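It should be emphasised that the depicted structure is a prediction, and the values quoted were computed from it without experimental measurement. Computed over heavy atoms, backbone and side chain alike; hydrogens, waters and symmetry mates excluded.
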Amino acid sequence: MNTEKYIALLQELKPYGAKLVAVSKTKPVADILELYNLGQRIFGENKVQEVLQKQPLLPAGIEWHLIGHLQTNKVKQVIPFAAMIHSVDSLKLLAEINKQAAKSSRVVNCLLQIFIADEETKFGLSEEELRSLLQSDEFKAMKNIRICGLMGMASNTNEEQKIAAEFGRLQRLFTTIKKQYFATEDYFKELSIGMSSDYKIALKHGATLIRLGSVIFGERRERPDAV
């Protein structure tokens, strides 16, 4: 782990008011604990099985963020401890989160994932699907979820103008959705964009949560080593 780089990143994010989500997928408990001891509290995991292995072995003060594609049949496993789910990409998934959260007497913070990339392999709602979800009676009846903002993943490209355009569209959509649906809700404030390759561009487009892994921990391993 690059401690000096981590400290420098925190200073880089400070003027923007953005928070760091340390992406710990495939990283061992020892590396996560080292970063925790430096003061990092928000950690992002992609795979449910992996976070289930790590979570009991690490301090209760960690805020676990689920940032990968989440299947509905895995929701109940993470509800007891998930601080935020970034990757809500359907009404069906949101309904399951609400259902399982109610069973645990929790209100779970969620971000709605928006499809902004020029890649079919990425997940997310279109703007039309987003509005349909927010206007639905089913959504309005949900009491155990809290929509805290939007999440998006830019195209995997070196074209900075393309990435900036994608982040820019999502930033404008965030502002519009905030005004139209969450104008009085202080909790709708998060824009989760930017990873190790494009976070500098994301910061210029209103990112409040930056998801960084390799830039802190080094390149990820081929196989997870949870313990």
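- Remark: Ile97 CD1 to Lys99 NZ distance equals 13.0 Å, nearest 0.5 Å.
- A continuous path of Ile, Leu, Val, Met, Phe, Trp and Tyr side chains, each step under 4.5 Å between heavy atoms, connects Leu35 with Ile210, placing both in one hydrophobic cluster.
- Residues Ala18 and Ala207 approach most closely at CB-O, 3.6 Å, considering heavy atoms.
- Of all the heavy atoms in Glu129 and Gly124, the pair that sits closest is OE1-O, 4.1 Å.
- Partner of Lys162 under the salt bridge (Lys or Arg N to Asp or Glu O under 4.0 Å) criterion, out of Glu166, Glu159, Glu160: Glu166 alone.
- Counting heavy atoms from C-beta outward, Met151 and Arg211 have side chains that approach closer than 4.5 Å.
- Here the OG atom belonging to Ser105 is positioned 12.0 Å from the CD1 atom belonging to Ile79, to the nearest 0.5 angstrom.
- A 4.5 Å side-chain heavy-atom check between Ile216 and Lys5 finds every atom pair outside the cut-off.
- Heavy atoms from other residues, nucleotides or ligands lying under 6.0 Å from CG of Asn158 number 12 at most.
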- request: Check the pair Val88 / Glu96 against side-chain contact (heavy atoms from CB on, under 4.5 Å), numbers first and verdict last.
  value: CA-CA 11 Å; Val88 179; Glu96 183 64 18; over 6 Å; no
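- Asn98 contributes no side-chain N or O that, together with a main-chain N or O of Leu94, makes up a donor-acceptor pair within less than 3.5 Å.
- The backbone N or O of Leu173 sits nowhere less than 3.5 Å from a side-chain atom of Gln171 that would complete a donor-acceptor pair.
- The shortest distance between side-chain heavy atoms of Glu138 and Leu91 falls below 4.5 Å.
- Counting heavy-atom neighbours within 6.0 Å of Asn73 CG, excluding the residue itself, gives a total above 12.
- Screening Lys27, Lys25, Lys54, Gln53 for a side chain to side chain donor-acceptor pair (under 3.5 Å) involving Glu45 leaves a single residue, Lys54.
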message: If you apply the rule side-chain contact (heavy atoms from CB on, under 4.5 Å), what do you find for Asn37 with Glu34, and how did you get there?
response: CA-CA 5 Å; Asn37 289 334; Glu34 183 179 354; 5.8 Å; no
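- Between Gly194 and Ala202, the shortest heavy-atom contact is CA-CB, 3.5 Å.
- Remark: Ser132 OG to Phe139 CZ distance equals 12.0 Å, nearest 0.5 Å.
- No hydrogens or angles considered: nothing links the side chains of His69 and Ser87 as a donor-acceptor pair under 3.5 Å.
- A salt bridge does not link Glu127 with Arg169: none of the charged nitrogens is closer than 4.0 Å to a carboxylate oxygen.
- The environment of Lys74 atom NZ is dense: over 12 non-hydrogen atoms of other residues, nucleotides or ligands sit within 6.0 angstrom.
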message: Let's go through Leu209 and Leu191 carefully: what are the C-alpha distance in whole Å and the side-chain angles of both, what is the deciding distance for side-chain contact (heavy atoms from CB on, under 4.5 Å) to 0.1 Å, and is it a yes or a no?
response: CA-CA 6 Å; Leu209 293 168; Leu191 185 56; over 6 Å; no
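- Phe115 contributes atom CZ, which lies 7.5 Å from atom CG of Asp118 (distance to the nearest 0.5 angstrom).
- Taking 4.5 Å as the limit, every side-chain heavy atom of Asp89 sits out of range of all side-chain heavy atoms of Leu112.
- Placement of Tyr6 and Val29 within a single hydrophobic cluster is found when ILVMFWY residues are connected by side-chain heavy-atom separations under 4.5 Å, directly or transitively.
- Not a single donor-acceptor pair under 3.5 Å links the side chain of Ser104 to the backbone N or O of Ala101.
- Side chains of Arg106 and Asn144 form no contact here, defined as non-hydrogen atoms less than 4.5 Å apart.
- Hydrophobic clustering (ILVMFWY, side-chain heavy atoms < 4.5 Å, transitive): Ile42 and Ile67 are in distinct clusters.
- Trp64 contributes atom CH2, which lies 7.5 Å from atom CD of Gln55 (distance to the nearest 0.5 angstrom).
- Atom OG1 in Thr26 sits 9.5 Å away from atom CG in Asp31 (nearest 0.5 Å).
- Hydrophobic clustering (side-chain heavy atoms under 4.5 Å, transitive across Ile, Leu, Val, Met, Phe, Trp, Tyr) groups Leu52 together with Leu33.
- Nearest heavy atom pair, residue Pro56 against residue Val51, reads CD-O, 4.5 Å.
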task: Give the intermediate values and the outcome of salt bridge (charged side-chain N to carboxylate O under 4.0 Å, His left out) for residues Glu12 and Lys200.
output: CA-CA 9 Å; Glu12 189 176 359; Lys200 293 178 184 291; 2.6 Å; yes
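- Annotation: side chain of Ile114 is not in contact with side chain of Phe174 (no heavy-atom distance under 4.5 Å).
- Contact of the Met84 side chain with the Leu111 side chain is registered, since non-hydrogen atoms from C-beta on lie closer than 4.5 Å.
- At a threshold of 4.5 Å between non-hydrogen side-chain atoms, the residues Ile32 and Gln40 do not count as touching.
- Shown here for His205 and Ala164, the closest heavy-atom pair between the two residues is NE2-O, 3.5 Å.
- Taking hydrophobic clusters as Ile, Leu, Val, Met, Phe, Trp and Tyr residues chained together by side-chain heavy-atom distances below 4.5 Å, Tyr181 does not share a cluster with Val107.
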field: Verdict with reasoning, Asp198 to Phe167, per side-chain contact (heavy atoms from CB on, under 4.5 Å)
entry: CA-CA 10 Å; Asp198 57 22; Phe167 285 158; 3.7 Å; yes
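- For Tyr36 and Phe43, the distance between ring centers is not under 6.0 angstrom.
- Counting heavy atoms of neighbouring residues, nucleotides and ligands inside a 6.0 Å radius, atom NZ of Lys14 does not exceed 12 of them.
- Under the 4.0 Å criterion applied to side-chain N and carboxylate O atoms, Glu190 and Lys19 are assigned as salt-bridge partners.
- Within 6.0 Å of atom NZ in Lys178, more than 12 heavy atoms from other residues, nucleotides or ligands are found, so the atom counts as buried in its surroundings.
- Classified by interplanar angle (parallel below 30°, tilted 30° to 60°, perpendicular above 60°), the ring pair Phe188/Phe182 is parallel.
- Shown are Val21, Val23, Leu20; of these, the side-chain contact (heavy atoms from CB on, under 4.5 Å) with Leu212 is made only by Leu20.
- The two residues Ala83 and His65 have their closest heavy-atom pair at CB-CD2, 4.1 Å.
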